[in-house]
Structures are given as C-alpha cells and as structure tokens.
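Structure first, then comments.
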Amino acid sequence: MNTDSPIHIDSKKLKKVRKLILHTSEDDDRPVYISGNFNQWTTQDFRFLMKKVSKGKYEFTFPEGKEFQKELIYKFTKGDWSEVEIDRYGNKTPNRHWNDDNLERIEKVAKWRKNWLPYRPSQLPKIHLISEEFEIPQLNKTRKIWALLPYDYETSTESYPVLYLQDAQNLFNENADFGNWQIDKKLAVMSDYGIGKVIVVAVEHAESERIQEYNVGRTLLGAGNGKQYIRFLTDTLKPFVDKTFRTKPEREFTGIGGSSMGGLVSIFSGLIYPEVFGKLMVFSPSLWVIPKIKLGFMDFFEPLETRLYLYAGGDESDTMVSHVIKLRKRLLKRESLQGKMKVRMSINMEGKHNETYWSDEFPKAIEWLFFSNSPD
C-alpha cells in the first residue's frame, strides 16, 4: 500500500466561511461587536461579538449559511451607536462593504466614539433664549426658558418633534455647579446619525422653590405646586412653542422629561395629560416621596399609546432601582393600559445620582422615544 498517495478533497464540500480581522490603534476594555445587514443592524449582538486576540487586534468568523455568502454591509461598535467607529478626525465613517469572494478580510478602525463624543461644532443646535422672564400665570411667577433648535433649523422647512425638559440650568451650561447633561453636544453627534432632530424646550427650575414646584399634590414632602406647574406646561408654554416654532404639535411627537424631582413631575405630566404628552423621559425619579403613587385616575381616560423611558442607577439609593421596577410593573399590569404603555427600562448598577449618568442615557432615550419602533 502506498501511504504517500495524495488525498483528494472535494472543494465543493469545503466550508466557505468568512473571517474578519480588525486592527485598531485606539483600544480599550470595551468589547467590539459587528452590526450589519445580517442582523438588522442590531448593536451589542452577542452572536457577533469579536474575539480579542491581542491589544488592538480582533477576529470574528461568520457562521455558515447563504446569508453570509452574499454582500455583507456592516460597521464596528463598542456596544451601541454612541460607541461606534469613527475616522481619525472624529468624523462618521461610511458603511463597510464585503462583496468579493475572499474568505478573509482585514479592516482598520482609527478611533471610537465614547458616549456620543466627539462632536462637530457645525452640528450644534441653535440655542435660543425664549425669555428671561416668561410668565407662569398658574403660579404668579416668571421663569427663564430656552429652546434648542436643530442646527439647520434656519435653512430648512422641516417641522420637528418637541421635548420639554426640566432643570435647564443643568442641561447644557458648562458652568453648572453639578455638571451638565451636555445635551447640545449629544444632539450635535446624533444629528449625523439621523436621530437628533428634535426641538428641546428647557425650563429653568425655581431655585429654592424647585422641590415645591415639582412636588405634585400631597406627598412625604408636604403639599406641592406640581399640578399648577404642569398646567403651565400644557396650557401656556406648549401653545406658545407651537405658535412660535415649526413643531409637530401632536401628542405622538411631544415628550416631557427630567431627572430626580424633575423626573417625578414628568411622570405625572404624562399620566395626567396623556392627550398632550406621548413620550416620557424619566431619569432617577424621586418616587420615594410618593411610594404608593395612585394610578386609579388613569382609568377615566381613553388609553393612548405612550412610550416611557425609565432609567435608574444602582448606586443612587437603597430604593431607587426597586421603586422604578415596581412602577414599571404597575403600569404594565394596569388593565386600562394593556397594549398602550410601552416601557423601556434601563438600569445601570454602577450609576450614581448625577448629571454624568443622565447625560449617558440622554441619547439612548431620545433614540428609543422618537426614532425607534422597538416596543421595549
């Protein structure tokens, strides 16, 4: 027997699997994922998590299957679009295409976004001071109010969704005592990806009277003026904004949001006036002041489809996470809201009660509330 006879292999039976090799000069501890036309551009898809071979080098072998033999269109991310690849100048990169017969491909990434940054100054929203002393007849007060308009507002004819945010002092002010959400910078980057064109109306808080103004009804903090404040938003401010700017005034394009007590008053705004607000952005709400929040009044209204983005940090207090989980369960179990209330829960167990973590959540909330059809 000739043991040296050549072995004949049927080339048709060879596995035609494709392998990606990625080199990146800027590396860190975040994992690398592939998002593309083969997984509906899903980010943080563990089926397409690349293997780290060494610092700055990753590999991934696609599964067998016809869907992976056709043209592949994709991008690399560090977890989601806020952590996506960018070029060495910080600009958005085009989609990558693999449409040849090679079974191995080498790619390079110069830099990565981190929490949506860096941004292009040309994309910054136009910050417009509506008034230094906007009248609040419901409270017999005045307040400073801002509008952040899309960067191309003056040259376009578009109409835009509107998000009303509380605590304007901490949203884009670089000199804020406790830091700020950087919403201007986040909106600048998001506009590059088609998810940042909203008008943000930022209402400054009432300084020493902030807690009383955001406190709705009788709570552990006593009697508050929250109902009057909400009526100001719905009956006075919103009509003015819709008359002054090119807005989409319908409820499905109107949101309200805030953090801490600002988050609490935003919850009540959406629950009491569902015909006005269809989107709720609620970060770290102070539910401790009203642990047994009553929802019975909601049964008197015709249920309307509402989207609620609910965030909590695990390092905020002993009860923050449990309170928001309980609220979500109660809302989803409410018979009158069945099929109408969509809730996205976001929990960061490392999250603290401050602007840095709310800033991290802002783009994710904007995307899901205004630019996504995902139910949760």
Side-chain angles (χ1 to χ4, degrees), residues 80-84 86 89-92 111-132 134 143-156 158-205 233 237 241 244-248 253-260 262-263 266 279-284 309 311 354-371:
D80 62 35
W81 299 119
S82 66
E83 321 287 325
V84 72
I86 50 179
Y89 302 108
N91 297 318
K92 175 184 176 182
K111 292 184 177 182
W112 305 88
R113 289 204 187 282
K114 191 166 186 179
N115 191 18
W116 289 102
L117 301 177
Y119 66 95
R120 288 194 291 155
S122 62
Q123 305 300 104
L124 285 169
K126 307 299 182 184
I127 299 178
H128 172 79
L129 178 61
I130 291 178
S131 176
E132 287 270 4
F134 196 98
R143 191 65 41 76
K144 196 173 187 177
I145 300 178
W146 307 82
L148 279 70
L149 306 174
Y151 73 96
D152 61 350
Y153 181 87
E154 295 173 354
T155 58
S156 79
E158 291 182 64
S159 294
Y160 303 91
V162 182
L163 174 64
Y164 293 84
L165 286 181
Q166 321 316 315
D167 294 318
Q169 290 97 323
N170 303 327
L171 297 180
F172 55 90
N173 179 8
E174 293 293 340
N175 298 316
D177 292 339
F178 304 103
N180 73 92
W181 291 24
Q182 297 183 304
I183 65 170
D184 52 340
K185 298 173 184 176
K186 300 299 174 63
L187 289 169
V189 179
M190 292 164 68
S191 68
D192 280 339
Y193 296 88
I195 54 174
K197 287 195 173 184
V198 298
I199 293 174
V200 175
V201 175
V203 185
E204 293 202 348
H205 61 66
L233 297 176
L237 183 57
V241 168
T244 306
F245 303 105
R246 296 194 309 276
T247 69
K248 293 181 176 180
F253 302 111
T254 305
I256 187 167
S259 60
S260 195
S266 297
K279 320 281 189 185
L280 312 180
M281 179 186 290
V282 179
F283 296 166
S284 309
Y309 190 98
Y311 164 79
N354 64 40
E355 279 69 19
T356 298
Y357 290 93
W358 300 327
S359 174
D360 289 348
E361 288 298 313
F362 177 73
K364 302 172 188 177
I366 286 283
E367 180 177 9
W368 184 77
L369 287 170
F370 290 96
F371 302 97

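Listed here is the closest heavy atom pair of Asn180 and Asn173: ND2-O, 3.2 Å. In plain terms, the two heavy atoms of Gln166 and Leu171 that are nearest each other are O-CD1, 3.8 Å. Across every non-hydrogen atom of Ile199 and Thr247, the tightest pair is CD1-CG2, 4.2 Å. Summarising the geometry of Gln169 relative to His205, their closest heavy-atom pair is OE1-N, 2.9 Å, with the distance given to 0.1 Å. The shortest non-hydrogen separation linking Ala147 to Phe245 is CB-CZ, 4.0 Å. Smallest separation of non-hydrogen atoms from Val282 and Gly263: CG1-O, 3.7 Å.
In this pair, Phe172 and Trp146 present their aromatic rings perpendicular. The plane angle is above 60°, beyond the 30 to 60° band. Aromatic ring pairs are classed by plane angle as parallel below 30°, tilted from 30° to 60° and perpendicular above 60°; the pair Trp181 and Trp358 is tilted.
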**Request:** Applying side chain to side chain contact (heavy atoms under 4.5 Å, CB included), run through Ser156 and Lys197 and close with a yes or a no.
**Result:** CA-CA 12 Å; Ser156 79; Lys197 287 195 173 184; 5.9 Å; no
**Request:** Dump the intermediate steps for side chain to side chain contact (heavy atoms under 4.5 Å, CB included) on Trp116 and Trp81, then the final yes or no.
**Result:** CA-CA 8 Å; Trp116 289 102; Trp81 299 119; 3.9 Å; yes
**Request:** I would like to know whether Phe283 and Tyr357 meet side chain to side chain contact (heavy atoms under 4.5 Å, CB included); could you show each step before the answer?
**Result:** CA-CA 9 Å; Phe283 296 166; Tyr357 290 93; over 6 Å; no
**Request:** Quick one: do Ile145 and Val201 satisfy side chain to side chain contact (heavy atoms under 4.5 Å, CB included)? Show the steps, please.
**Result:** CA-CA 7 Å; Ile145 300 178; Val201 175; 3.9 Å; yes
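A distance of 7.0 Å separates CZ of Phe371 from CD1 of Ile366, quoted to the nearest 0.5 Å. Here the CD-CD distance, from Gln182 to Glu355, works out to 11.0 Å after rounding to the nearest 0.5 Å. Note that OG of Ser259 is 7.5 Å distant from CG of Asn170, once rounded to the nearest 0.5 Å. Rounded to the nearest 0.5 Å, atoms NZ (Lys248) and OH (Tyr160) are 9.5 Å apart. Note that OH of Tyr164 and CG of Leu237 are 5.5 Å apart. Values are rounded to the nearest 0.5 Å. Separating the OG atom in Ser82 from the CZ atom in Arg113 is a distance of 9.5 Å, to the nearest 0.5 Å.
With contacts defined as side-chain heavy-atom distances shorter than 4.5 Å, the pair Ile86/Pro118 qualifies. Side-chain contact check for Leu280 versus Ser266: every heavy-atom pair is 4.5 Å or farther apart. In this structure, the side chains of Tyr119 and Asp192 stay at 4.5 Å or more apart for every pair of heavy atoms. Counting only heavy atoms from C-beta outward, the side chains of Leu369 and Leu163 never approach each other to under 4.5 Å. In this structure the side chain of Ile130 never reaches within 4.5 angstrom of the side chain of Thr244, judged on heavy atoms.
Between Glu154 and Lys126, no side-chain nitrogen of the basic residue sits less than 4.0 Å from a carboxylate oxygen of the acidic one, so the salt-bridge criterion is not met.
Between the side chains of Lys186 and Ser359, a donor-acceptor pair is found at a separation under 3.5 Å. Of the N and O atoms on the side chains of Glu361 and Tyr309, at least one donor lies less than 3.5 Å from an acceptor on the other residue.
Taking Asp360 as the reference, Asn115 meet the side chain to side chain donor-acceptor pair (under 3.5 Å) condition, with sequence neighbours excluded.
Because its NZ or CZ atom is both nearer than 6.0 Å to the ring centre of Tyr193 and within 45° of the ring axis, Lys92 counts as a cation-pi partner of that residue.
The ring of Tyr153 has its center no closer than 6.0 angstrom to the ring center of His128.
Remark: of the listed residues Leu187, Leu149, Leu148, Leu187 is the sole one forming a side chain to side chain contact (heavy atoms under 4.5 Å, CB included) with Val198.
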